[in-house]
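Working notes, beginning with the structure itself.
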Amino acid sequence: MAKLIIEGGHALKGQINLRGAKNAALPILAAAMLVPEPVRIGNCPRLTDVEHMVGLLKALGCRAEWAGEDLFIDAGSARTAELPEGLAGSIRSSVFLLGPLLGRFGAAEAPYPGGCDIGNRPVDLHLKGFRAMGVKVDEASGRIRCLGRPRGGAEIALEYPSVGATENLIMAACGAEGDTVLVNPAREPEIDDLMAFLNGAGFDMRREGSSRIRVRGGRRGRATAHAILPDRIEAGTYMVAAAITGGHLVIRGGRKEHLSAPLTALKEAGCRIRIEGGDLDIEGPERPRELRRLVTLPYPGFPTDMQSQMFALCTVARGTSVLEENVFEDRFRHGAELRRMGADCDLRGRTAVIRGVRSLHGATVTAHDLRGGAALALAGLRAEGITVVERAERIDRGYADFAATLRGVGAVIRREDD
Ligand code: UD1
C-alpha cells in the first residue's frame with residue numbers, strides 16, 4: 001500500500017510529456033493474442049494494469065519482454081485458452097482476453113469479473129455479441145466458458161456503445177471466416193487505435209460512418225509494430241492540476257481532437273488554453289468559475305474518466321456546479337472524501353451539486369478508485385496544509401510516476417510505500 005503526502009498551495013509550472021493511453025494499451029495487449037508472431041508495442045505505459053495484462057498473457061503461454069517503453073509480445077507460443085483463477089487484481093482485464101482467445105482458438109475461459117470500485121460492471125453485452133456470432137457461452141460457477149469459432153455474417157447491434165464490448169467483439173470477429181458488422185459501437189479513440197493495430201497486423205476492419213464497424217473475416221495475424229496513442233485522460237488530469245493551482249503547464253504530445261469536451265469545460269472554468277501542434281498550453285485562473293452542468297456521456301461526450309478531477313476543481317469554484325454521471329452508477333465516492341477537506345457538496349444518485357468554497361484544508365483521505373484517487377491528490381495541491389491520500393497505489397493503475405511527474409512541475413508531494 002502507498003500514500004501520497006502533499007503540501008498544498010504551490011502553483012504548478014513547467015512541461016509534462018504524455019505517455020501512451022492505458023485504455024488503448026490494455027485491449028491492444030490482449031489483441032496481441034490474435035497474432036502468432038512477434039509484435040512490438042511502442043509508447044506502452046508501465047502501469048500496474050498493464051503489468052497485470054502482461055501477467056495474464058504470460059499465464060497463457062505468451063512471451064513478453066520490455067525494452068524501455070516498448071513491449072515485445074510473442075503469442076506464437078500460447079497454447080491454452082483458459083485463464084487461471086487467482087491472478088489477483090487482474091480479473092477485469094481478463095475479460096478483454098475472451099474475444100482474442102475466441103478469435104485465435106475458438107474457445108475461451110475466464111473468471112467472472114463481478115463488480116468493482118465504480119459500480120457494477122456487467123459483461124452481458126460482450127456475451128450477447130459472442131452468442132450472436134454462434135459461440136456457446138456458459139456462465140455457471142463463477143466462470144465464463146465460451147466455445148466455438150465465431151461465425152461470420154453476424155450483424156450485432158449494441159444497445160449501449162460499451163467500450164469493452166466493442167473491443168471484445170472486434171477481436172472475436174477477427175477469427176471469423178466472413179464479415180461481422182457492429183451497429184452502435186463505441187466511438188472512443190482508443191477503439192480506433194485498437195483497429196489500427198489490428199489492421200497493421202494483417203486484419204481488415206473499418207468504421208462505416210459513426211454508427212457501424214465492419215470486420216472482414218478470413219485474415220491471419222502477422223508480425224507488426226504499433227505505437228500507442230497519447231493518453232487523453234492523463235492529459236486532462238494534468239490540465240486540471242494547472243487549473244486548480246492557478247498554475248501554467250504545457251502538456252506535450254496531446255491530441256486536441258480527442259479532448260474537445262474537457263477543453264470546453266476547462267475554458268468554461270476560466271482557464272486560458274492555447275494549442276500548438278501537440279502542445280496543450282494551459283493557465284489556470286486564480287479561482288475557477290463554476291460549471292453549470294457537466295454531463296458524462298460516451299465519446300465524444302464528456303468522459304466519465306475525467307469526472308472526478310473536474311469534481312475536485314468545482315469544489316473551489318466561485319459558484320455552484322452540477323455534475324451528472326451517466327456512465328457508471330457509483331462514481332462519486334471521492335465526493336465524501338473531498339468533504340473531509342472542506343468541500344461543500346450534495347450527492348444524490350447520479351447527480352452531484354457542488355457549492356464552491358474559497359479554500360480547502362488538508363486532511364487524510366482515501367483513494368477508492370483510480371480517477372477518484374487522482375482527484376483527491378489534485379485537491380491536495382490546492383488545499384491549505386498537508387493532505388495525505390491513502391491507498392494511493394490505486395492511482396498507479398492509470399498514471400506512471402504520478403508523484404514524480406507532479407514534483408517535476410513544482411508540486412510538493414512525496415510518496416510512502418508500506
Ligand atoms: C472503459 C474504460 C474505462 C472507461 C469506460 C467508459 C478500459 C480499460 N476502460 O471501460 O476507463 O471509464 O470505458 O468510457 O478501456 N455495460 C453494460 N453491459 C456490458 C458492458 C457495459 O451494461 O456488457 C455498461 C456498464 O455497466 C457501464 C457502461 O456500460 O455503465 C459503460 O461501460 P463500458 O463502456 O463497457 O466501459 P468499460 O469498457 O468497462
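When a ligand or atom number is given, it counts from 1 through the structure's own listing order.
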*Side chain, backbone, both or neither: which part of Glu329 comes within less than 4.0 Å of ligand 1 when only heavy atoms are counted?*
neither
*Can you list the ligand 1 atoms lying under 4.0 Å from a non-hydrogen atom of Arg331?*
12 (O)
_Does any N or O of ligand 1 fall below 3.5 Å from an N or O anywhere on Asp124, backbone included?_
yes
*Just checking, any donor-acceptor pair under 3.5 angstrom between side chains of Arg214 and Thr180?*
no
*With a 4.0 Å heavy-atom cut-off (strictly under), which part of Pro122 contacts ligand 1: side chain, backbone, both or neither?*
both
*Which residues pass the side-chain hydrogen bond (donor to acceptor under 3.5 Å, both in side chains) test with Glu155, sequence neighbours left out?*
Arg212
*Out of Asn23, Asp49, Leu26, indicate the one that has the non-hydrogen atom closest to atom 9 (N) of ligand 1.*
Asn23
_With a sphere of 6.0 Å drawn around CZ of Arg151, does it hold more than 12 non-hydrogen atoms of other residues, nucleotides or ligands?_
no
*Indicate, as side chain, backbone, both or neither, the part of Tyr160 found under 4.0 angstrom from ligand 1 when only non-hydrogen atoms are considered.*
side chain
*State, to 0.1 Å, how close Cys314 and Leu323 come at their nearest heavy-atom pair, and which atoms those are.*
SG-CD2, 4.3 Å
*Nearest non-hydrogen atom to atom 34 (O) of ligand 1 belongs to which of Leu125, Val163, Leu158?*
Val163
*Atoms in ligand 1 flagged as close to Phe96, the criterion being non-hydrogen separation under 4.0 Å*: 8 (C)
*Indicate yes or no for a side-chain donor-acceptor contact from Glu69 to the backbone of Cys44 under 3.5 Å, with no hydrogens or angles considered.*
no
_So, regarding Ser162 and ligand 1 (criterion: nitrogen or oxygen to nitrogen or oxygen, under 3.5 Å), is there a contact or not?_
yes
*asked:* Is it the case that the side chain of Ser321 and the backbone of Leu291 share a donor-acceptor pair, with hydrogens and angles ignored and the cut-off at 3.5 Å?
replied: yes
*asked:* I'd like to check whether Asp305 has a polar contact with ligand 1, where a contact means an N/O of the residue lying under 3.5 Å from an N/O of the ligand.
replied: yes
*Could you tell me which atoms of ligand 1, counted from 1 in the order shown, lie closer than 4.0 angstrom to a heavy atom of Gly164?*
35 (O), 38 (O)
_Distance filter under 4.0 Å to Val327 heavy atoms, resulting ligand 1 atoms_ = 27 (C), 28 (C), 30 (O), 31 (C)
*Verify the neighbour count for atom CZ of Arg293: are there more than 12 heavy atoms of other residues, nucleotides or ligands below 6.0 Å?*
no
Which atom pairs, one a donor and one an acceptor, fall under 3.5 Å between side chains of residues 15-35 and the rest of the protein, sequence neighbours left out?
residue : atom : partner : partner atom : Å
Gln15   : OE1  : Arg252  : NH1          : 3.4
Arg19   : NH1  : Ala400  : O            : 3.2
Arg19   : NH2  : Asp401  : OD2          : 3.3
Asn23   : ND2  : Asp305  : OD2          : 3.3

